[in-house]
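Below you'll find the structure, written out as structure tokens, and then a few comments.
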Amino acid sequence: MTSQYWVLHVDLDQFLAAVEILRRPELAGRPVIVGGKGDPTQRAVVATASYEARRHGVRSGMPMRTAAKRCPDAVFLPADNPHYEEVSEEVMAVLRAFPDVVVEVMGWDEAFVGAETADPEALAQDIRAAVLAKTRLHCSVGIGDNMLRAKLATEFAKPGSPEPGGGGGTFRLTGANWVEVMADRPTQALWGIGAKTARKLADRGLTTVRELAATDPAVLAADLGPAMGPWYVQLGRGIGRARVEGTPWVPRSRGHETTFQENITDWADVRTEVAALARLVAADIGGEGRPAARVGVKVRFAPFSTYTRSKTLDAPTTDPDELATAALDVLERFTSRRPVRLLGVKAEF
DNA sequence: TCTGGGGTCCTAGGACCC
DNA sequence: TCTGGGGTCCTAGGACCC
């Protein structure tokens, strides 16, 4: 066997729920739902549902209230982000400990691994075994000849995948089986095409990956934008970035936002909250030593209409007073005084 | 289904400049 | 003066992802 470059996509199974079950083993086998403050009557959404909860139709992103209706017997737990961050770091350290691999972290619970190997399935199994041994967490690994295919392959590796040959913890998706596995699926199965774009494509007669792949990129460029149009066609053809990048990520922005349990009706309170959010952001970017060049404010009025305003600062700053003043200036550009559901402040570098 | 919080990138129009 | 063309920055919004 000859060695070649492979992309592996490592994705922890039901990460937040699995971490909580490790802390409280008596929860094993029970439907566990992690999200918000763990109170299903509050304004919050599900961050992760255990497989048992998913069997009742609970999904991430679903309002906690809805989850409670679908699965009243579930154990609801608050999201403990600092802990998940710590556990995630342990997992990433296990990946980085493999010799001659490049690791690109995509979130708490997933990462790409680039490696030169003759046997990517063996490497995938080694990774799964090492992660399990060192962290007691299970993961699935997608194997691909680029990042797009590796990422999509993971879904077929996951426990319970109905794909023939799938569900076994690893799955390989390359140019060799792309058409067989993907061509008849809806365009939304692709990583980067959501509900809105899938509908736009369907309006143009493109419902399957096969149809998208056969489209002239120039036609979609004129229609859906010079970058996005051709990119969608590339997605349909299974084309994506081939090399995993190990260089550390430099954030472009840093922000905080809050949804209030009760809408705010007094504009003086809105101003107070915006100033507080700006100081939170200032603390973050001050700690990172990166001054903000722009400040943005987001306001979501009840029931759910969202607007943003922003401005470029005269000079970049990390000063909390300056950032709070700038955020309040930007806030003044909102003229509506309807009840406010959410406020956010963001710094751009 | 009464819809979190953290982000990224793209698009398009207008301002402004040469 | 009825009027070019290119480039860049600013801003708001949209879509997507974890």
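Only this structure's heavy atoms are used, side chains among them; waters, hydrogens and symmetry mates stay out. Convention: sequence-line order gives letters A, B, ...; per-chain numbering from 1.
A:Phe304 has its CZ atom 8 Å from the P atom of B:dT3, to the nearest Å. Rounded to whole Å, atom P of C:dG13 lies 19 Å from atom CE of A:Met228. The nearest whole Å value for the distance from the NZ atom in A:Lys346 to the C1' atom in C:dG13 is 11 Å. With rounding to whole Å, A:Leu152 atom CG is found 13 Å from C:dC17 atom C1'. At whole-Å resolution of the value, CG in A:Asp284 and P in B:dG6 are 9 Å apart. For the pair A:Leu343 CG and B:dG5 P, the interatomic distance rounds to 11 Å; values are reported in whole Å. Note: CE (A:Met106) to P (B:dT8) measures 12 Å, nearest angstrom. Straight-line distance from the NE2 atom of A:His256 to the C1' atom of B:dG6: 9 Å, rounded to whole Å.
Here A:Trp249 does not reach the OP1 or OP2 of B:dG7: none of its side-chain N or O atoms lies under 4.0 Å away. Look at A:Thr308 and you'll find a side-chain N or O under 4.0 angstrom from OP1 or OP2 of C:dG13. Side-chain nitrogen and oxygen atoms of A:Arg252 include at least one within less than 4.0 Å of the OP1 or OP2 phosphate oxygen of B:dC9. The shortest distance between the side-chain N/O atoms of A:Arg333 and the OP1/OP2 oxygens of C:dA12 is below 4.0 Å. Contact between the side-chain N/O atoms of A:Trp191 and the OP1/OP2 oxygens of C:dC18 is found at a separation under 4.0 Å. Taking 4.0 angstrom as the limit, A:Arg300 places none of its side-chain polar atoms (N or O) nearer than this to OP1 or OP2 of B:dT3. In terms of phosphate contacts, A:Arg59 brings no side-chain nitrogen or oxygen within less than 4.0 Å of OP1 or OP2 of B:dT1.
For A:Ala227, counting side-chain heavy atoms from C-beta on, the closest listed nucleotide (B:dT11, C:dC16, C:dT11) is B:dT11. Side-chain proximity of A:Arg254 to the nucleotides C:dA12, B:dT3, B:dG6 is greatest for B:dG6. Taking every side-chain heavy atom of A:Thr197 into account, C:dA15 is the closest of C:dA15, B:dG4, B:dA12.
Using a cut-off of 4.0 Å between Lys/Arg side-chain N and Asp/Glu carboxylate O, A:Glu288 and A:Arg254 are scored as salt-bridged. Between A:Lys134 and A:Glu90 no salt bridge is recorded (no basic side-chain N to carboxylate O distance below 4.0 Å). Under a 4.0 Å N-O distance rule, the pair A:Arg290/A:Glu348 does not qualify as a salt bridge. Salt bridge absent: A:Arg309 and A:Glu332 never bring a charged side-chain N and a carboxylate O closer than 4.0 Å. Salt-bridge check for A:Asp223 with A:Lys200: failed, with every basic side-chain N at 4.0 Å or more from each acidic carboxylate O.
No engagement by A:Lys200 is indicated, since no non-hydrogen atom pair under 4.0 Å with the nucleic acid exists. Looking at heavy-atom distances under 4.0 Å, A:Thr306 makes no contact with the nucleic acid at all. No contact: A:Ala79 has no heavy atom under 4.0 Å from any strand. Within the nucleic acid shown, A:Gly255 comes within 4.0 Å of sugar-phosphate atoms alone, with no base atom in reach, counting heavy atoms only. Within 4.0 Å of A:Asp109, counting heavy atoms only, lie sugar-phosphate atoms of the nucleic acid but no base atom. In this structure, A:Gly36 reaches neither bases nor backbone, as no heavy-atom distance under 4.0 Å exists between it and the strands shown. Counting non-hydrogen atoms under 4.0 angstrom, A:Leu190 reaches the backbone sugars and phosphates but no base.
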Problem - Nucleotide-level pairing of DNA chain C, given in dot-bracket where Watson-Crick and G-U pairs need both distances under 3.5 Å and | marks other strands - result: ....||||||||||||||
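A gap of 23 Å separates the P atoms of B:dT3 and C:dC18, to the nearest Å.
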Which side-chain N or O atoms in residues 22-38 of chain A pair as donor and acceptor under 3.5 Å with protein atoms at least two apart or in another chain?
| unit_1 | atom_1 | unit_2 | atom_2 | d |
| --- | --- | --- | --- | --- |
| A:Arg23 | NE | A:Glu20 | OE1 | 3.3 |
| A:Arg23 | NH1 | A:Asp80 | OD2 | 3.1 |
| A:Arg23 | NH1 | A:His83 | ND1 | 3.4 |
| A:Arg23 | NH2 | A:Glu20 | OE1 | 3.0 |
| A:Arg23 | NH2 | A:Glu20 | OE2 | 2.8 |
| A:Arg23 | NH2 | A:Asp80 | OD2 | 3.1 |
| A:Arg30 | NH2 | A:Asp73 | O | 3.2 |

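Residue-to-nucleotide proximity on DNA chain B shows that, of A:Thr66 and A:Leu224, the 5′-proximal contact is made by A:Thr66. Both A:Val250 and A:Pro63 lie near DNA chain B, and the one whose nearest nucleotide falls closer to the 5' end is A:Pro63.
Applying the ring-ring contact (aromatic ring centres under 6.0 Å, His included) rule to A:Tyr232 yields no partners; only residues at least two apart in sequence or on another chain are considered.
Counting only N and O atoms by type, the side chains of A:Thr41 and A:Asp39 include a donor and acceptor under 3.5 Å apart.
A cation-pi geometry, defined here as NZ or CZ lying under 6.0 Å from the six-membered ring centre and within 45° of its normal, holds between A:Arg243 and A:Tyr5.
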